[in-house]
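In what follows, residues are counted from 1 in the order of the sequence shown.
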Amino acid sequence: MRVTMTSAAARTGHANEDFTGAVPTAAVLSDGAGISGTESICRHGVAWYASRLGGSLLNLLSLVRDRSLSALLAEAIEQVTDDHRDTCDVADPISPSATVAILRRSDGLIEHLVLGDSVLVLDRADGAPLVVSDPREVIISRSYRSALEAAAEGSDEYHRVLRELRANRNQPGGFWLAKDDPRAADEAITGSCPISELTGAVLLSNGASRIVDRFRLADWPGVMAVLASSGPAEIVHRVRQAEARHAVAADDATIAHCTDLGEA
């Protein structure tokens with residue numbers, strides 16, 4: 001499997017809170033989530049959490065072949081939580097968390113997992129791409145959208161509303177992310193597809209998937225075509241142009257494009 005990756009921080013001097021990496025049979029993407037005040041809860045920070053989780057997942061994926069992706073994610077969450085349980089308030093509602101996307105080649109299949117609002121797209125040889133996403137955070141966020149838009153970004157009121165939204169994390173009827181409770185992995189969207197039916201796949205953080213779901217600059221077949229011709233950096237370039245054109249705050253944007261899925 002060949003994996004081409006790109007990851008761009010939202011702005012110069014800003015820590016990139018996305019992570020992506022690959023081993024010969026798998027690719028991982030994690031998108032860290034945090035709000036103002038997180039640094040008082042966890043001395044390590046959101047970028048540390050996302051990269052630590054991604055690194056733990058890659059290690060497990062390279063060593064353990066006979067367990068489900070959900071089980072490996074649960075173990076990775078437990079490992080990272082143990083890494084800072086004694087120094088940070090890991091159970092606080094605003095402690096660092098991350099969305100996750102995983103792709104693994106196994107016994108003639110491509111297995112996938114998505115937790116949170118990262119996106120994974122399987123490019124099928126016959127038919128439209130299969131888009132794997134977890135819409136729960138987007139659905140819940142709609143009820144907070146007007147209050148967030150009415151508050152000045154970065155203000156106390158803005159952060160108050162954001163805290164209320166984040167209180168829905170890892171709660172029944174809410175949305176689920178990797179954080180301190182490994183049971184969140186049971187809520188992930190999972191599935192598999194025969195390798196023979198696929199020509200490629202891509203994992204995107206929500207800062208990159210906005211080329212489709214926010215800016216409507218392309219559909220998913222169009223995105224796969226750009227990836228094939230110009231690579232993932234071109235997608236991020238187009239997103240940055242759209243953010244500037246629409247005066248939208250930039251977000252960390254990360255893409256892992258997987259091709260040659262059947263090759264060792």
- May I ask you to decide if Ile140's main-chain N or O and Ser143's side chain share a donor-acceptor pair within less than 3.5 Å? yes
- Message: Rounded to the nearest 0.5 Å, what separates atom CG in Leu261 from atom CD1 in Ile195?
- Response: 6.5 Å
- Query: Do the non-hydrogen side-chain atoms of Ser95 and Asp89 ever get within less than 4.5 Å of each other?
  - Reply: no
- Item | Pro129 versus Pro221, closest heavy-atom pair with distance | CD-CG, 3.6 Å
- Query: Minimum heavy-atom separation for Ala27 to Leu203, with atom names?
  - Reply: O-CD2, 3.8 Å
- Query: Counting distance only, does the side-chain N/O of Ser56 pair as donor-acceptor with the main-chain N or O of Arg52 below 3.5 Å?
  - Reply: yes
- Message: Any heavy-atom pair between the side chains of Ile235 and His257 that's under 4.5 Å?
- Response: no
- One should read off an interatomic distance between His112 NE2 and Cys258 SG, to the nearest 0.5 angstrom, of 13.0 Å
- Task: Could you check if a side-chain atom of Leu103 sits within less than 4.5 angstrom of a side-chain atom of Leu120, using non-hydrogen atoms only?
- Result: yes
- Item | Atom pair CG/CG of Asp180 and Asp92 - distance to nearest 0.5 Å | 9.5 Å
- Item | Check: Val90 main-chain N/O paired with Lys179 side-chain donor or acceptor under 3.5 Å | yes
- Query: Do Arg210 and Asp213 come close enough that some side-chain heavy atom pair is under 4.5 Å?
  - Reply: yes
- Message: Less than 4.5 Å apart, side chain to side chain, heavy atoms only: is that true for Arg238 and Val226?
- Response: yes
- Shortest non-hydrogen contact from Cys88 to Arg43? SG-N, 3.5 Å
- Query: Can you tell me if Asp181 and Asn170 form a side-chain donor-acceptor pair at under 3.5 Å?
  - Reply: no
- Message: Using side-chain heavy atoms (C-beta onward) and a distance below 4.5 Å, is Asn16 in contact with Ser7?
- Response: yes
- Query: Are Glu111 and Arg105 ion-paired here, with the side-chain N under 4.0 Å from a carboxylate O?
  - Reply: no
- Test Arg85 against Glu78 for salt bridge (Lys or Arg N to Asp or Glu O under 4.0 Å), laying out the working first. CA-CA 10 Å; Arg85 190 188 304 276; Glu78 185 70 23; 3.4 Å; yes
- From Glu137 atom CD to Arg166 atom CZ, the distance as rounded to the nearest 0.5 Å: 6.5 Å
- Query: Which other residues end up in the same hydrophobic cluster as Trp176, if Ile, Leu, Val, Met, Phe, Trp and Tyr are linked when side-chain heavy atoms come under 4.5 Å apart?
  - Reply: Phe19, Val23, Val28, Trp48, Tyr49, Leu53, Leu57, Leu58, Leu60, Leu61, Leu63, Val64, Leu69, Leu72, Leu73, Ile77, Val80, Val100, Ile102, Leu113, Leu115
- Message: If hydrophobic clusters are built by linking Ile, Leu, Val, Met, Phe, Trp and Tyr wherever their side-chain heavy atoms come under 4.5 Å apart, do Val131 and Ile110 end up in the same one?
- Response: no
- When you measure from the side chain of Ser68 to the backbone N and O of Ala71, does any donor-acceptor pair fall under 3.5 Å? yes
- Message: Minimum heavy-atom separation for Ser30 and Ala98, please, with both atom names.
- Response: CB-CB, 4.4 Å
- Task: Report yes or no: do Thr199 and Asp123 form a side-chain donor-acceptor pair below 3.5 Å?
- Result: yes
- Message: Can you give me the closest heavy-atom contact between Gly207 and Val239, atom names plus distance?
- Response: O-CG1, 3.5 Å
- Message: Determine whether a donor-acceptor pair (N or O, by modelled atom type, separation under 3.5 Å) exists between the side chain of Asp252 and the backbone of Ala10.
- Response: yes
- Do you know which two heavy atoms are closest between His84 and Cys42, and how far apart they sit? ND1-SG, 3.5 Å
- Linking I/L/V/M/F/W/Y whenever their side-chain heavy atoms sit closer than 4.5 Å, directly or via other members, would Val119 and Leu130 fall into one cluster? no
- Query: Side chains of Asp18 and Ser205: is there a donor and an acceptor less than 3.5 Å apart?
  - Reply: yes
- Item | Electrostatic pair Arg124-Glu197, nearest N-O below 4.0 angstrom | no
- Item | Beyond-backbone contact of Met5 with Ile255, side-chain heavy atoms, under 4.5 angstrom | no
- Connected via hydrophobic side-chain network under 4.5 Å: Val236 and Val121: yes
- Query: Going by atom types only, do Asp186 and Ser70 share a side-chain donor-acceptor pair under 3.5 Å?
  - Reply: no
- Please round to the nearest 0.5 Å and tell me the distance separating atom OG of Ser209 and atom CZ of Arg214. 11.0 Å
- Query: Can you tell me how far OG1 of Thr99 sits from CG of Asp31, rounded to the nearest 0.5 angstrom?
  - Reply: 4.0 Å
- Query: If we only count heavy atoms from C-beta on, is the Phe175 to Asn168 side-chain gap below 4.5 Å?
  - Reply: yes
- Note on the structure: Applying side-chain contact (heavy atoms from CB on, under 4.5 Å) to Val212 and not counting sequence neighbours gives Trp220, Val223
